[in-house]
Participant: 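First the structure, which I've put down as structure tokens, then a few questions once you've had a look.
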Amino acid sequence: TSVVVVIGDKNVRGGDKAARGDGQSPGVYLLLERVKTLLHRQRIIPGFLPLVRQREYPALYQPAQGVCVFMAVYATRCMK
């Protein structure tokens with residue numbers, strides 16, 4: 001079983017600011033780290049083993065439009 005988290009940001013200053021953040025938003029990279037802290041090796045679904053991060057990858061990056069979207073995939077399985 002997998003849990004997929006989608007994190008995105010749009011920044012009028014460009015894709016780099018959407019990815020890395022600025023004074024207006026934390027940016028996708030920081031949000032990914034915060035999600036990892038909250039989810040990786042944590043048991044959040046009753047009856048399932050702790051989530052284990054499998055991968056993170058860019059789903060969409062459009063610098064001219066100031067858009068950056070990443071996906072993080074966490075695996076778990078039912079405790080039997």
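From a predicted model like this one, the values you see are computed outputs, not experimental measurements.
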Participant: Taking the side chain from D22 and the backbone from S25, do they hold a donor-acceptor pair closer than 3.5 Å?
Facilitator: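 Yes, D22 side chain to S25 backbone: donor-acceptor pair under 3.5 Å.
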Participant: Tell me the closest heavy-atom pair linking N11 and A18, and the distance in Å.
Facilitator: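 Closest approach of N11 to A18, heavy atoms only: CB-N, 3.8 Å.
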Participant: Flag the pair V69 / I7 as yes when at least one side-chain heavy-atom distance between them is below 4.5 Å, and no otherwise.
Facilitator: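 Counting from C-beta outward, V69 and I7 never come under 4.5 Å.
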Participant: How long is the gap from CZ on R77 to OG1 on T1, to the nearest 0.5 Å?
Facilitator: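 The OG1 atom of T1 is 10.0 Å from CZ of R77, to the nearest 0.5 Å.
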Participant: When rounded to the nearest 0.5 angstrom, what distance separates SG in C68 from NZ in K17?
Facilitator: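 The NZ atom of K17 is 13.5 Å from SG of C68, to the nearest 0.5 Å.
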Participant: Treat each ILVMFWY residue as a node, draw an edge where side-chain heavy atoms are under 4.5 Å apart, and state whether V35 and Y57 are in one component.
Facilitator: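 Per the 4.5 Å side-chain linkage, V35 and Y57 are not co-clustered.
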Participant: Measure the spacing between CD of Q65 and CG of L60 and express it to the nearest 0.5 Å.
Facilitator: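 Atom-to-atom, Q65:CD and L60:CG are 8.5 Å apart.
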Participant: Under a 4.5 Å cut-off applied to non-hydrogen side-chain atoms, are R43 and L49 in contact?
Facilitator: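 Yes; the side chains approach each other to less than 4.5 Å.
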Participant: At what distance, to the nearest 0.5 angstrom, does CD1 of I44 lie from CG of L38?
Facilitator: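 Separation between the atoms: 9.0 Å.
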Participant: For R41 and P50, which heavy atoms make the closest approach, and how far apart are they?
Facilitator: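 Looks like C-CB, 3.7 Å.
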Participant: Of all heavy-atom pairs between L31 and P26, which one has the smallest distance, and what is that distance?
Facilitator: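 Here L31 and P26 meet closest at CD2-CG, 3.8 Å.
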Participant: Hey, does K36 have a side-chain heavy atom less than 4.5 Å from the side chain of R53?
Facilitator: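 With C-beta onward as the side chain, the pair touches.
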Participant: Go through H40 and V52 one step at a time and tell me if the side chain to side chain contact (heavy atoms under 4.5 Å, CB included) criterion holds.
Facilitator: CA-CA 5 Å; H40 185 60; V52 177; 4.0 Å; yes
Participant: Would you name the heavy atoms of A72 and L32 that are closest together and state the gap between them?
Facilitator: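 Closest approach of A72 to L32: CB-CD2, 4.1 Å.
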Participant: In the structure I gave you, are the side-chain heavy atoms of V4 and M71 within less than 4.5 Å of one another anywhere?
Facilitator: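 Side chain of V4 against side chain of M71, heavy atoms only: contact under 4.5 Å found.
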Participant: Between the side chain of T76 and the main-chain N/O of F48, is any donor-acceptor distance below 3.5 Å?
Facilitator: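 No, the answer is negative, given that no donor and acceptor are paired below the 3.5 Å cut-off.
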Participant: Rounded to the nearest 0.5 Å, what separation is found between the OH atom of Y74 and the CD atom of E56?
Facilitator: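 One gets 5.5 Å once the value is rounded to the nearest 0.5 Å.
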Participant: Treating Ile, Leu, Val, Met, Phe, Trp and Tyr as nodes and any side-chain heavy-atom pair under 4.5 angstrom as an edge, say whether V67 and V12 lie in one connected cluster.
Facilitator: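 No, no single cluster joins them.
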Participant: Is the ring pair F70/Y29 parallel, tilted or perpendicular, if the boundaries are 30 and 60 degrees?
Facilitator: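 Rings of F70 and Y29: perpendicular, as their planes differ by over 60°.
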Participant: If I take atom CD from residue Q24 and atom CZ from residue R13, how far apart are they, to the nearest 0.5 angstrom?
Facilitator: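 So the CD of Q24 and the CZ of R13 are separated by 5.5 Å.
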Participant: On a heavy-atom basis, which atom in D16 and which in Y61 lie closest, and how many Å separate them?
Facilitator: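 Scanning both residues, the minimum pair turns out to be N-OH, 3.4 Å.
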Participant: Run I45 and V3 through side chain to side chain contact (heavy atoms under 4.5 Å, CB included) and show every step you take.
Facilitator: CA-CA 10 Å; I45 304 170; V3 174; 4.1 Å; yes
